[in-house]
2 protein chains.
Amino acid sequence: MKRSPTMKDVAREAGVSVMTVSRAFKDDASVGEKTREKIRKTADGLGYVFDVTAANLRSQRSDFVAVTIPSLNNANFAATVVALTTKLSDAGYQVLLGHTNYDMDKEEALIRQFLRRRPEAIVVTGGHHTDAARKLLSESGVPVIETWDAPPDPIGHVVGFSNAATMDLVVDHLVSLGRKNIAFMGGDADSDTRGRDRRAGFLAAMARHRLQARRLVGSGAPQKAMHEGARAMGHLLEAYPDTDALICVSDLVGFGALSECQRRGIDVPAQIAMAGFGAYDISEVCVPNLTTVDPMPTKIGESAAGLVLQLLKDPTAKGNVMITPTLRLAQSTGV
Amino acid sequence: MKRSPTMKDVAREAGVSVMTVSRAFKDDASVGEKTREKIRKTADGLGYVFDVTAANLRSQRSDFVAVTIPSLNNANFAATVVALTTKLSDAGYQVLLGHTNYDMDKEEALIRQFLRRRPEAIVVTGGHHTDAARKLLSESGVPVIETWDAPPDPIGHVVGFSNAATMDLVVDHLVSLGRKNIAFMGGDADSDTRGRDRRAGFLAAMARHRLQARRLVGSGAPQKAMHEGARAMGHLLEAYPDTDALICVSDLVGFGALSECQRRGIDVPAQIAMAGFGAYDISEVCVPNLTTVDPMPTKIGESAAGLVLQLLKDPTAKGNVMITPTLRLAQSTGV
DNA sequence: TGCATTTATGTTATCGTTAACAAATCTTGT
DNA sequence: ACAAGATTTGTTAACGATAACATAAATGCA
């Protein structure tokens with residue numbers, strides 16, 4: 001197989017200098033209209049494909065934006081990435097996507113790997129990282145954006161919300177319905193830092209209402225959320241049979257719990273009101289529909305992309321974006 | 001902000017040549033143990049980060065493997081990508097992931113964009129592409145692997161299965177239960193080529209059993225599967241009230257349909273037996289559990305990665321991998 | 001010890017593109 | 001028609017690494 005053609009080949013064939021070919025491939029450059037046309041045609045004829053790697057090396061711009069998320073298979077992270085990718089690729093950037101599988105060491109390894117490609121910005125999910133990862137990020141000389149959480153000690157910029165504060169919305173709602181024996185399911189897995197933050201928010205909100213918050217059941221790692229939700233519901237009913245409301249760390253756990261109620265003939269919301277988190281599709285389809293919190297994943301992605309673009313124009317720009325999640329009431333809390 | 005250090009800086013600081021530094025960063029190269037140690041230490045001290053772009057340009061190897069999938073937020077595609085990424089990154093490759101949103105023009109644009117980075121292999125989902133995309137792929141001089149479908153006219157290599165053939169499994173099962181008025185939901189969206197293939201398979205299987213296959217209802221684009229499944233169930237019940245079995249293009253559509261049955265008090269499986277496709281988590285959690293087909297997404301990813309690695313060693317290697325999906329029986333068909 | 005062999009390090013040119021500067025060509029107004 | 005400015009094209013060197021080849025240092029063995 002023969003070597004693929006370079007600008008040099010195109011230049012020779014078209015009878016111009018290499019530099020003119022280079023310019024012809026940039027939209028804004030000054031090249032005569034008929035010269036450009038000839039070059040385009042010659043390039044097509046030769047099957048020339050522009051080599052971004054060489055361009056990057058010379059111009060010292062990688063066009064990469066590195067992005068890490070905990071899991072690919074999550075409607076919310078996916079929505080954020082879709083929004084982010086759309087906006088960034090429209091602006092000519094290439095997203096380098098990595099998933100950590102909720103493992104902070106994996107995240108560190110990914111960051112290390114991505115930095116070797118000289119990304120122009122790094123967008124990470126969450127504010128919890130290994131010490132080494134924090135160091136890598138802050139010393140990278142590249143804009144860093146933490147999304148989804150509003151960490152107490154940000155590395156660079158933040159586009160997120162307070163997971164803890166969202167629990168106020170849910171607890172207030174359940175309390176306003178007269179529920180008092182409110183349980184929380186999930187938030188026990190070390191790896192799911194957002195879940196832990198939500199549980200902490202639940203505890204704080206309950207304390208604010210002077211309600212006992214001892215009804216806590218684990219649901220394990222987020223990867224098995226639905227199954228674990230069903231299992232955990234069994235535990236909850238045995239341990240705290242007088243529970244009259246349940247907040248789940250996610251809609252997926254919530255759906256597992258809901259289906260277990262269905263199996264056992266427990267009436268939701270009459271006996272137990274139930275709320276999830278994440279506004280997953282399933283919350284609007286399951287029976288009963290699940291009250292949930294919409295964390296605005298697309299808005300997070302769009303804002304993060306906007307911030308990246310702004311920072312690439314002006315690295316000194318300040319800009320943290322706070323997102324305001326909304327409570328979506330549905331049948332599972334009797335609305 | 002000062003320029004980040006290069007090998008030259010490390011070499012000067014460590015009192016060796018640039019080439020020695022370069023070798024010290026490759027594991028297998030011959031460098032004295034104490035020299036290597038000194039270089040490592042100097043590099044760390046300077047905060048040196050290896051520049052993969054430059055290395056790629058010189059060595060004419062990108063370490064990239066381009067991968068396109070229809071949607072990020074899909075448990076099956078995600079599982080394939082996870083398996084693929086894990087295996088390839090262990091071997092030192094970087095996956096460039098792009099999602100097409102089930103749009104073939106978007107896929108073409110992605111491929112065009114990826115080729116400019118000189119990937120060492122390209123893995124695409126499905127066997128349906130624009131003509132231009134097919135041309136790009138086949139002329140790229142890079143190994144091409146089509147996954148998830150077994151296309152009639154492959155571009156290069158294939159790791160997949162016959163969507164149509166999987167429907168034989170499901171139809172045979174339902175017929176063996178004595179069901180005759182079998183409906184199919186989905187497969188109507190142009191963009192969902194796999195769904196279309198499944199519907200075609202359904203029609204073929206019904207013909208083989210000499211059964212009428214006019215009970216077809218659309219469920220629209222896969223992005224809204226759950227909602228559309230619920231809506232479509234309404235249509236089905238109105239149009240074909242004597243339906244005694246339903247095959248859905250995916251478990252997500254199936255769950256939508258199932259929840260609509262629950263709302264209307266229709267007994268599944270007594271009145272209507274129901275089967276989905278994809279072995280999504282939800283199929284094992286919903287009530288009743290959903291009979292489904294497991295398309296072995298992880299196996300697809302692993303096999304595709306294995307094939308990529310093999311092809312990179314020996315580009316002339318032949319190798320198509322056929323995956324055999326399995327039927328998973330559950331309560332929704334009365335098992 | 002001395003010479004062949006292995007191991008460790010150095011030198012030079014280059015991957016394919018673009019920044020920076022230089023030169024040539026084309027406009028335009030008088 | 002011609003100077004002055006605007007537009008288009010060309011030349012040279014460089015981005016940061018490595019392949020290929022050359023040489024120096026270390027080792028083995030008679």
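Residue numbering restarts at 1 for every chain, and letters A, B, ... go by the order of the sequence lines. Computed from a prediction, not measured in an experiment: that's the story for all the values here. Excluded from the calculations below are hydrogen atoms, water molecules and symmetry mates; all remaining heavy atoms, backbone and side chain alike, are included.
For A:Asp63 and C:dT18, the CG to C1' distance is 13 Å, given to the nearest whole Å. Across the protein-nucleic acid pair, A:Arg23 atom CZ and C:dA19 atom P stand 10 Å apart, rounded to whole Å. Counting to the nearest Å, the C1' atom of C:dA19 and the CG atom of A:Asn56 are 15 Å from each other. Atom pair A:Arg61:CZ and D:dA14:P shows a separation of 22 Å (rounding to whole Å applied). Look at CG on B:Asp9: it is 13 Å from C1' on D:dC15, rounded to the nearest Å. In this structure, B:Arg117 places its CZ atom 14 Å from P of C:dT17, rounding to the nearest Å. At whole-Å resolution of the value, CZ in A:Arg12 and P in D:dG10 are 15 Å apart. If you measure from atom CD1 of A:Ile39 to atom C1' of D:dT8, you get 11 Å, rounded to the nearest angstrom.
By the salt bridge (Lys or Arg N to Asp or Glu O under 4.0 Å) test, B:Arg12 is found to be paired with B:Asp9, residues two or more places apart in sequence or in another chain being considered. Partners of A:Glu139 by salt bridge (Lys or Arg N to Asp or Glu O under 4.0 Å), not counting sequence neighbours, listed by chain and number: A:Lys135.
A sub-4.0 Å separation between OP1 or OP2 of C:dA19 and a side-chain N or O of A:Ser59 is absent. In terms of phosphate contacts, B:Thr6 brings no side-chain nitrogen or oxygen within less than 4.0 Å of OP1 or OP2 of D:dG16. Between B:Gln60 and C:dG16 there is a side-chain N or O to OP1 or OP2 distance below 4.0 Å. An OP1 or OP2 oxygen of D:dG16 is reached within less than 4.0 angstrom by no side-chain nitrogen or oxygen of B:Lys8. For A:Thr20 and D:dG10, the shortest distance from a side-chain N or O to OP1 or OP2 is below 4.0 Å.
Closest to the side chain of B:Ser17, from the set C:dT11, D:dA17, C:dG16, is C:dT11. For B:Met19, the listed nucleotide lying nearest its side chain is C:dG10; candidates were D:dA17, C:dG10, D:dT9.
In this structure, the separation between CG on B:Asp51 and CE on B:Met7 is 9.0 Å, given to the nearest 0.5 Å. Interatomic distance, OG of B:Ser89 versus CD of A:Gln113, reported as 6.0 Å (0.5 Å rounding).
With no hydrogens or angles considered, no side-chain donor-acceptor pair links B:Ser71 and B:Asn73 at under 3.5 Å.
Comparing B:Arg58 and B:Val18 by the nucleotide of DNA chain C that holds the closest heavy atom to each, the one mapping nearer the 5' end is B:Val18.
For the segment residues 43-55 of chain B, the set of residues with a heavy atom within less than 4.0 Å of an atom of DNA chain C is empty.
Using bins of under 30°, 30° to 60° and over 60° for the plane-to-plane angle, the ring pair B:Trp148/B:Phe77 lands in the perpendicular bin.
Summarising the geometry of A:Leu96 relative to B:Gln94, their closest heavy-atom pair is CD2-NE2, 3.8 Å, with the distance given to 0.1 Å.
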